[in-house]
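Note that this is a predicted model, so its numbers are computed, not measured.
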Amino acid sequence: MADAHVHTPPPANEAVRSYAPGTPERASVQARLADLTDANTEIPLVIGGKPVMSANLRPINAPHRHELVVGRHVTGGVKETQAAIDAALAARPGWASTPFKDRAAIFLRAAALLAGPWRDTVNAATMLGQSKTVQQAEIDSAAELIDFWRFNVHYADQLLAQQPGSDPTAWNRMEYRGLEGFVFAITPFNFTSIALNLPTAPALMGNTVVFKPSRETLLVCHFLMEVLRVAGLPDGVINMIAGDAVQISGQVLADRNLAGIHFTGSTGVFQSLWKTVGNNIAKYRTYPRLVGETGGKDFILAHPSADQTALTTAMIRGAFEYQGQKCSAPSRAYIPQSTWKRIKADLAEQVEGIPMGDIADFRNFMGAVINEEAFKKHKGAIAYARGNARSSIVAGGRTDARQGWFVRPTVIETTDPSFRLMEEELFGPILTVYAYPDKDFDRTLDIVDQTSPYALTGAIFARDRAAVIKAADRLVHAAGNFYVNDKPTGAVVGLQPFGGARASGTNDKAGSPLNLVRWTSPRTVKETYVPPMDYRYPYMADELPT
């Protein structure tokens, strides 16, 4: 066998394409979007590297066009779930013994395939299944996922290079093993990049995975599983299943070989998973690693010195890009009364002018919310605000379900900082504003910190540096990602590792070495050059004669 100290190539963030009129990428993605619109793709389960089909296929409808079936997927049950577990366990020994450089090569190749020939397919599938504009699809399913795969390889290489010291008597070294068992990856509807990072980050570290994506992402996950196959991922390393979430999770969490859960989704679901693991703790072969990114009630706080134009733009982009369906999207804002008086009319005019509709029309800034359940929740929240004496609708406040699940971007003003919509996670295009007395900035810091159980993202807008310092200090635990004079969304892999604490998750920072270390079980090896030949120590010798 040939030996070499191999260093992975230095990563670089993938450039985001503009898709402006006249650009070749615009024409290319539009053509692929048209192809997939008509394809009605059949989506199998993937177990042990093999597609698992069934005559019982369930349709996936586009959120923005009720009648458009973008794909039909297989639904698995007890048999398929057990087969996925068995396949992951069977693949584990071979994958765990695969040298890191070879595992890394697979994901670097997958990144190159996604950056090149698969980019249009994955972007188009994200647009159709999740009702994302081409801009939102590009920054998510292309650029961010490419970055995850490139940077994770780089961070893993750095992690493996961390070695203990040695002395003249022995050589000490650290080995980084995959976990003993399999990892269960549960992923959300709103980000394609999260959907594939959650199974592939543990896989890079030598683990095998049972992967349950959100139903709304099955179309794009189908194509990305093919990308991984083409890149050379061995059979059984990642096994994709779909079906009843409660049944699948219950069966997986009952298996003694569960070694970890990589989760993004609601706080309630993650707490339920944690509770189940706790109840089963005595039966597992090893203590499962629990890594989760959950809810958020993200904030924008403005100081009287804030730049009003930058603040207004951040509120609109942050709250309404991708229909507010980002865990980082601000849904509560605290604005000085003097500033609010100056920006309110302009904010309302801009929000009322936001174009929304079918994402195939590139003139639209927004698409539809993900499904009927979300639509009803947002419609109910707007009705609650409209009928409450402590709030008023500043802009938006309209819904339309005739063609798709459309909720107009909505700004609500409240006179009560404890108003329900300032506290409750909605996960939609609704921003509630509390205008605080200018003199009460200090008190408002406490309100921001104490109002919500979540601590994912937040932003401070101020030109006064003392105000920035004070906010950063007083809100130190209120956000895992804290932004100064910018919207609290759009974290970039390698630049702003992402994650929050409190009810927002375990803050293991996806896209950083902190996340990867959770998926490895280190072993320390001490190799002594000349071992001792006598159990006795010098202090045990007879006393010297006097």
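- Side-chain polar atoms of Lys326 and Gln136 form a donor-acceptor pair below 3.5 angstrom.
- At a cut-off of 3.5 Å, with distance as the only test, a side-chain donor of Ser521 or Arg177 sits close to an acceptor on the other residue.
- Between Arg26 and Phe362, some side-chain heavy-atom pair lies under the 4.5 Å cut-off.
- Using a 4.5 Å cut-off on side-chain heavy atoms (C-beta onward), Tyr334 and Val448 make contact.
- Thr121 and Arg32 share a donor-acceptor pair across their side chains, judged by distance under 3.5 Å alone.
- Considering only heavy atoms from C-beta on, Thr208 stays 4.5 Å or farther from Val183 through its side chain.
- Residues Trp274 and Thr506 meet the side-chain proximity criterion, which asks for heavy atoms closer than 4.5 Å.
- Remark: Asp508 CG to Arg289 CZ distance equals 10.0 Å, nearest 0.5 Å.
- The structure places CD of Glu425 at 8.0 Å from CG of Asp298, a figure rounded to the nearest 0.5 Å.
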CA sep, side-chain torsions, deciding dist, call: Glu14, Arg119, salt bridge (Lys or Arg N to Asp or Glu O under 4.0 Å):
CA-CA 12 Å; Glu14 179 69 9; Arg119 193 184 202 113; 2.8 Å; yes
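- Between the Asp140 side chain and the Ser193 main chain, a donor and an acceptor come within less than 3.5 Å of each other.
- Met240 CE to Glu80 CD: the interatomic distance, rounded to the nearest 0.5 Å, is 13.0 Å.
- For residues 489-504, the set of pairs meeting the salt bridge (Lys or Arg N to Asp or Glu O under 4.0 Å) definition, not counting sequence neighbours, comprises Asp449-Arg502.
- The six-membered or imidazole ring of His64 lies away from that of Trp405, with a centre-to-centre distance of 6.0 Å or more.
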Can you check side chain to side chain contact (heavy atoms under 4.5 Å, CB included) on Thr294 and Ser266, steps first, answer last?
CA-CA 5 Å; Thr294 55; Ser266 75; over 6 Å; no
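- With 3.5 Å as the limit, one finds a donor-acceptor pair spanning the side chains of Thr192 and Thr126.
- Between Gln325 atom CD and Leu426 atom CG the span is 11.5 Å, to the nearest 0.5 Å.
- Relative ring orientation between Trp95 and Phe107 is described as perpendicular, the plane-to-plane angle rising above 60° on a 0-90° scale split at 30° and 60°.
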Can you check side chain to side chain contact (heavy atoms under 4.5 Å, CB included) on Phe365 and Glu321, steps first, answer last?
CA-CA 7 Å; Phe365 180 79; Glu321 283 182 328; 3.5 Å; yes
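- Counting heavy atoms of neighbouring residues, nucleotides and ligands inside a 6.0 Å radius, atom CD of Glu373 does not exceed 12 of them.
- Ser504 places a side-chain N or O within donor-acceptor distance of the main-chain N or O of Gly295, the cut-off being under 3.5 Å.
- Tyr176 contributes no side-chain N or O that, together with a main-chain N or O of Ala156, makes up a donor-acceptor pair within less than 3.5 Å.
- Between the side chain of Gln271 and the main chain of Ala503, no donor-acceptor pair closer than 3.5 Å is present.
- Between the Arg150 side chain and the Pro11 main chain, no donor and acceptor come within less than 3.5 Å of each other.
- With respect to Phe182, the side-chain contact (heavy atoms from CB on, under 4.5 Å) criterion is satisfied by exactly one of Ile85, Asp86, Val209: Ile85.
- A pairwise comparison of heavy atoms in Arg103 and Gly206 identifies NE-N, 3.6 Å as the closest pair.
- Side-chain contact, Ser214 with Glu216: a donor N or O sits under 3.5 Å from an acceptor N or O.
- In this structure, the side chains of Leu431 and Thr410 stay at 4.5 Å or more apart for every pair of heavy atoms.
- In this structure, Phe151 and Tyr155 have tilted ring planes: the angle between them lies in the 30° to 60° band.
- Nearest heavy-atom pair across Gly243 and Lys212 is O-CE, 3.7 Å.
- Among Ile300, Asn481, Ile460, the one residue that satisfies the side-chain contact (heavy atoms from CB on, under 4.5 Å) test with Pro488 is Ile300.
- The shortest distance between side-chain heavy atoms of Phe223 and Val227 does not fall below 4.5 Å.
- A donor-acceptor contact shorter than 3.5 Å is absent between the side chain of Asn207 and the backbone of Gly178.
- Checked by atom type and distance alone, the side chain of Glu138 never pairs as donor or acceptor with a backbone atom of Val134 at under 3.5 Å.
- Arg173 pairs by the salt bridge (charged side-chain N to carboxylate O under 4.0 Å, His left out) definition with Glu527, not counting sequence neighbours.
- Here the side chain of Ser28 pairs no donor or acceptor atom with the backbone of Pro24 at under 3.5 angstrom.
- Side-chain N or O atoms of Asp157 include none that pairs as donor or acceptor with a backbone N or O of His7 at under 3.5 Å.
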Val46 vs Asn239, side chain to side chain contact (heavy atoms under 4.5 Å, CB included): CA-CA, chis, key distance, verdict:
CA-CA 5 Å; Val46 181; Asn239 303 274; over 6 Å; no
Worked verdict on Leu456 versus Glu293 for side chain to side chain contact (heavy atoms under 4.5 Å, CB included)
CA-CA 9 Å; Leu456 190 54; Glu293 192 248 294; 3.6 Å; yes
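- With Thr23 contributing its side chain and Ala20 its backbone, the two residues share a donor-acceptor pair below 3.5 Å.
- Closest approach of Thr8 to Phe100, counting heavy atoms only: CG2-CE2, 4.0 Å.
- Side-chain atoms of Ile281 and Pro288, non-hydrogen and from C-beta on, do get closer than 4.5 Å to each other.
- In terms of heavy-atom proximity, Phe498 sits nearest to Thr457 at CE1-CG2, 3.6 Å.
- Taking 4.5 Å as the limit, some side-chain heavy atom of Ile139 sits within range of a side-chain heavy atom of Gln135.
- Between Gly490 and Ser328, the shortest heavy-atom contact is N-OG, 4.4 Å.
- The two residues Trp149 and Leu108 make their nearest non-hydrogen contact at O-CD2, 4.5 Å.
- We find the CG-CZ distance between Leu145 and Phe191 to be 12.5 Å, quoted to the nearest 0.5 Å.
- Between the side chains of His262 and Asn515, at least one donor N or O lies within less than 3.5 Å of an accepting N or O.
- To the nearest 0.5 Å, the span separating OG on Ser331 from CG on Leu421 amounts to 9.0 Å.
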